[in-house]
Amino acid sequence: MGHDPSCIFCKIVAGQIPCARVYETEHALAFLDIGPLKPGHLLLIPKEHHATLPELPDTVAAETARLLPRLCRAVKAATDAEGLNVLMNVGPVAGQSVGHVHWHIIPRHGRDSIAWPWNARSYAEGGNWNRSARQSPPVFAPRADWEHSEHAPRTHILNWVRQRA
Ligand code: 5GP
Ligand code: ZN
């Protein structure tokens, strides 16, 4: 089984670092986040070391992700949550600070303090997808044909998946 001795979550799997375990199978482990956004904030990881989701083999993904619904039920019941955020950061640019695949399960209650800094725009608006309009040169420039329509990215994604599935 893939194990990275320098990885903090591999150390948790190996029992070298303590954690508040809540659920465990042969292939996956769920434990409380040490820096929770809310009490009950859970992390779910495959025991095998893989840095990011795109690298995760289908079987490992399936063995791990199948636990999400029951863990969601558990967190919801235990914290009286009205809803949850289930999310994963993929890569440092997206906020991933631990390089071992992990899902976050975060309980949500009305009027709690969590706010996501999403900055959604419509395709039709086109234009600026960067943090600051003043950034020069732009950090992210959409492909010219992607700017004003969802159809171009959709076609590219569809083709990629079809060719490799
Ligand atoms: P990321 O930013 O990579 O999506 O999330 C990593 C999460 O792991 C953070 O929420 C952080 O609080 C949590 N974390 C980091 N180190 C430890 C640890 O040693 N034990 C536990 N239980 N959580 C950790
Ligand atoms: Zn690891």
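Positions are given from 1, in the same order as the sequence printed here. Just follow the structure's listing: the first ligand is 1, and inside any ligand the first atom is 1.
- For Leu32, a nitrogen or oxygen atom sits less than 3.5 Å from a nitrogen or oxygen atom of ligand 1, counting backbone and side chain alike.
- When the N, O or S atoms of His100 are ranked by distance to the Zn ion (ligand 2), ND1 comes first.
- Note: no N/O pair closer than 3.5 Å links Ile12 and ligand 1 by distance alone.
- For ligand 1, the atoms closer than 4.0 angstrom to any heavy atom of Asn89 are 1 (P), 2 (O), 4 (O).
- Side-chain contact check for Gln96 versus His102: some heavy-atom pair is nearer than 4.5 Å.
- Considering both main-chain and side-chain atoms, His41 never comes within under 3.5 Å of ligand 1 through any nitrogen or oxygen pair.
- Contact record, His109 with Glu82: CA-OE2, 3.7 Å, taken as the closest heavy-atom pair.
- Considering all non-hydrogen atoms of both residues, Lys38 and Arg108 come closest at NZ-CA, 3.8 Å.
- The shortest N or O to N or O distance between Gln96 and ligand 1 is not below 3.5 Å.
- Nearest protein heavy-atom contact of atom 6 (C) of ligand 1 is His102 NE2, 3.3 Å.
- The protein heavy-atom contact nearest to atom 7 (C) of ligand 1 is Asp33 OD2, 3.5 Å.
- Pro46 and Thr64 get closest at one heavy-atom pair: CB-OG1, 3.4 Å.
- Side chains of Phe31 and Ile45 form a contact here, defined as non-hydrogen atoms less than 4.5 Å apart.
- Distance check: Thr79 OG1 to His41 NE2 gives 12.0 Å after rounding to the nearest 0.5 Å.
- Distance check: Leu56 CG to Glu63 CD gives 11.0 Å after rounding to the nearest 0.5 Å.
- In this structure, Gly95 has a heavy atom closer than 4.0 Å to ligand 1.
- In this structure, the protein non-hydrogen atom closest to atom 14 (N) of ligand 1 is Ile34 CG2, 3.8 Å.
- Note on His3: not counted as a metal contact of the Zn ion (ligand 2), no N/O/S atom lying under 2.8 Å.
- Contact analysis leaves Lys11 out of contact with ligand 1, as no non-hydrogen atom separation drops below 4.0 angstrom.
- Residue, atom and distance of the protein heavy atom nearest to atom 15 (C) of ligand 1 are Val98 CG2, 4.0 Å.
- The shortest side-chain heavy-atom distance between Phe9 and Leu43 falls under the 4.5 Å cut-off.
- Counting non-hydrogen atoms of other residues, nucleotides and ligands closer than 6.0 Å to CZ of Arg21 gives a total above 12.
- Looking only at protein heavy atoms, the nearest one to atom 19 (O) of ligand 1 is Ile8 CD1, 3.6 Å.
- Restricting His49 to its N/O/S atoms, the shortest distance to the Zn ion (ligand 2) is reached by ND1.
- Counting heavy atoms under 4.0 Å from ligand 1, residue His104 touches it through the side chain alone.
- Looking at Asn89, Val86, Leu84 one by one, the single match for side chain to side chain contact (heavy atoms under 4.5 Å, CB included) with His104 turns out to be Asn89.
- The protein non-hydrogen atom at the shortest distance from atom 3 (O) of ligand 1 is Ser97 N, 2.7 Å.
- For ligand 1, none of its N or O atoms has an N or O atom of Phe31 under 3.5 Å away.
- Ala81 and Pro107 make their closest contact through CB-CB, 3.7 Å (heavy atoms, listed as atom of the first residue, atom of the second, distance).
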